[in-house]
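Quick notes on the structure that follows.
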Amino acid sequence: MAVGLFDSGLGGLTVQQAVAARLPGVEFVYLGDNANAPYGVRPPEDILRLTRAGVERLWAEGCDLVVLACNTASAAALKTMQEAGLPEGKRVLGVFVPLIEALTERNWGDNSAPRQVSVQHVALFATPATVASRAFQRELAFRAIGVDVEAQPCGGLVDAIEQGDEILAETLVQAHVAALKRRMPKPEAAILGCTHYPLVEPAFRLALGPNVQVFSQAGLVAEALADYLDRHPEFGTNGPGATGGTTRFLTTGDPAEVSLRATQLLKQPIRFLAA
Ligand code: DGL
């Protein structure tokens with residue numbers, strides 16, 4: 001059975017690359033909702049509607065387990081979808097928790113009371129919708145006390161990355177980091193809270209300077225998914241007909257154009273088909 005990966009566009013490919021490398025025996029189906037990206041400037045109701053449609057599309061592809069490789073969808077839609085109840089045998093996971101567990105030095109699924117942690121000043125870079133949801137701060141408050149989070153909504157950045165405009169993307173990263181540093185001059189850690197941002201991680205590192213520990217999601221999500229599949233072997237295993245180690249790429253956008261941009265961004269051939 002394949003595992004579904006969903007993002008508004010190309011950012012989730014950072015997660016796809018990490019999970020496919022970490023779990024070479026597992027088959028994945030990636031769905032990018034490029035026709036509707038970016039999500040980060042949309043109201044929460046819109047994000048919920050689009051995310052639900054994407055997840056249902058992946059369920060129809062036979063992916064009983066779907067990972068929202070998108071913080072904006074995880075922040076605006078995951079809790080509501082889970083609380084409304086998922087169909088029998090279906091699961092949806094987000095990308096927030098592995099990141100927060102790494103930041104708060106917890107093991108996967110450790111639900112003990114919130115405690116003091118070593119980082120106190122954390123910069124969060126995310127889409128306007130993720131920042132507005134305060135989902136990151138809410139999840140953090142369950143696990144850590146005394147952490148000061150300064151959040152920077154990085155308007156325009158996902159668009160620039162999706163368009164492949166590297167110069168604009170780097171300029172925006174510098175501007176957003178400078179804006180954050182005016183409010184928090186010395187962050188100890190920075191969270192890249194959008195799966196598109198690892199595609200411009202060197203620009204973030206350069207603008208933040210060498211003393212800031214940068215937390216980026218892809219590797220953390222891959223470890224968390226490996227652990228989840230160990231505990232839930234009914235998902236993502238090599239059942240009859242499975243073609244372990246491959247990913248099928250689907251898009252709601254124009255497959256030729258999306259394939260070209262994905263290939264440019266990842267510097268390897270990626271071929272999308274129409275969803
Ligand atoms: N990759 C998505 C995320 O992690 C980007 C959201 C968007 O489309 O604005 O939030």
Side-chain angles (χ1 to χ4, degrees), residues 7-15 17-18 37-42 69-76 95-96 98-100 102-104 117-141 144 146-221 261 264-267:
D7 183 45
S8 60
L10 300 175
L13 291 174
T14 58
V15 174
Q17 295 284 291
Y39 280 13
V41 289
R42 290 176 177 274
C70 175
N71 292 268
T72 308
S74 302
V95 283
F96 263 34
L99 187 67
I100 291 172
L103 182 75
T104 56
V117 293
S118 60
V119 285
Q120 311 242 295
H121 302 287
V122 176
L124 168 67
F125 297 94
T127 65
T130 299
V131 170
S133 76
R134 297 189 61 79
F136 179 84
Q137 287 90 330
R138 194 176 57 232
E139 290 294 334
L140 186 66
V147 182
D148 178 19
V149 177
E150 192 62 56
Q152 176 66 27
C154 298
L157 187 52
V158 165
D159 255 334
I161 295 169
E162 286 276 321
Q163 300 309 322
D165 190 337
E166 279 177 40
I167 294 173
L168 177 60
E170 282 170 19
T171 308
L172 286 170
V173 168
Q174 284 162 13
H176 287 304
V177 170
L180 181 125
K181 279 188 165 175
R182 282 196 286 279
R183 305 194 303 276
M184 180 182 273
K186 288 197 162 66
E188 294 157 286
I191 304 285
L192 303 189
C194 169
T195 53
H196 281 72
Y197 299 172
L199 294 164
V200 285
E201 190 168 327
F204 270 105
R205 286 185 183 274
L206 193 68
L208 285 160
N211 298 327
V212 182
Q213 190 184 0
V214 176
F215 286 83
S216 167
Q217 267 164 334
L220 298 170
V221 171
R261 281 206 239 115
Q264 282 164 349
L265 277 174
L266 294 187
K267 298 175 178 57

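Just so you know, residue 1 is the first one in the sequence shown, and it goes up from there. As the structure is a computational prediction, the values presented were derived from the model and not from experiment.
With sequence neighbours excluded, no residue satisfies side chain to side chain donor-acceptor pair (under 3.5 Å) with S133. Residues satisfying the side-chain contact (heavy atoms from CB on, under 4.5 Å) test with A144, not counting sequence neighbours, are T104, V117, L140, V147. Partners of E170 by side chain to side chain donor-acceptor pair (under 3.5 Å), not counting sequence neighbours: none found. Every residue two or more places apart in sequence or in another chain that forms a side-chain contact (heavy atoms from CB on, under 4.5 Å) with L266 is listed here: L13, Q17, L199, Q268, I270. Residues satisfying the salt bridge (Lys or Arg N to Asp or Glu O under 4.0 Å) test with R183, not counting sequence neighbours, are E150. Residues passing the side chain to side chain donor-acceptor pair (under 3.5 Å) test with S118 are E105, sequence neighbours excluded. The side chain to side chain donor-acceptor pair (under 3.5 Å) test applied to Y39 returns D33, not counting sequence neighbours. The side-chain contact (heavy atoms from CB on, under 4.5 Å) test applied to T130 returns N71, T72, A75, F96, A126, T127, not counting sequence neighbours. Residues meeting the ring-ring contact (aromatic ring centres under 6.0 Å, His included) test with F136, sequence neighbours left out: none. For the side-chain contact (heavy atoms from CB on, under 4.5 Å) test, no residue two or more places apart in sequence or in another chain qualifies with Q174.
Of all the heavy atoms in L208 and K181, the pair that sits closest is O-NZ, 3.2 Å. The heavy-atom pair separating G219 from A18 by the smallest distance is N-CB, 4.1 Å. Contact detail for S216 and P198: the closest heavy-atom pair is OG-CG, 3.6 Å.
Here the side chains of Y197 and C154 are in contact, with some heavy-atom distance below 4.5 Å. Side-chain contact between L10 and I161 is absent, with no heavy-atom pair separated by less than 4.5 Å.
Note that CG of L172 is 8.5 Å distant from CG of D165, once rounded to the nearest 0.5 Å. For the atom pair CG of D148 and CD of Q137, the computed distance is 10.0 Å after rounding to the nearest 0.5 Å. Atom CG in L220 sits 11.0 Å away from atom CD1 in I100 (nearest 0.5 Å). Taking OG of S74 as the reference point, atom CD of Q217 lies at 7.5 Å (rounded to 0.5 Å). Between L103 atom CG and E139 atom CD the span is 12.5 Å, to the nearest 0.5 Å.
Sorted by first then second residue, the salt bridge (Lys or Arg N to Asp or Glu O under 4.0 Å) pairs that include residues 190-215, not counting sequence neighbours, are E201-R205.
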Side-chain donor/acceptor pairs under 3.5 Å, residues 186-196, sequence neighbours excluded:
unit_1: E188; atom_1: OE1; unit_2: Q120; atom_2: N; d: 2.7
unit_1: E188; atom_1: OE1; unit_2: H121; atom_2: N; d: 2.7
unit_1: T195; atom_1: OG1; unit_2: A69; atom_2: O; d: 2.8
unit_1: H196; atom_1: NE2; unit_2: G11; atom_2: N; d: 3.2
unit_1: H196; atom_1: NE2; unit_2: E162; atom_2: OE2; d: 2.7

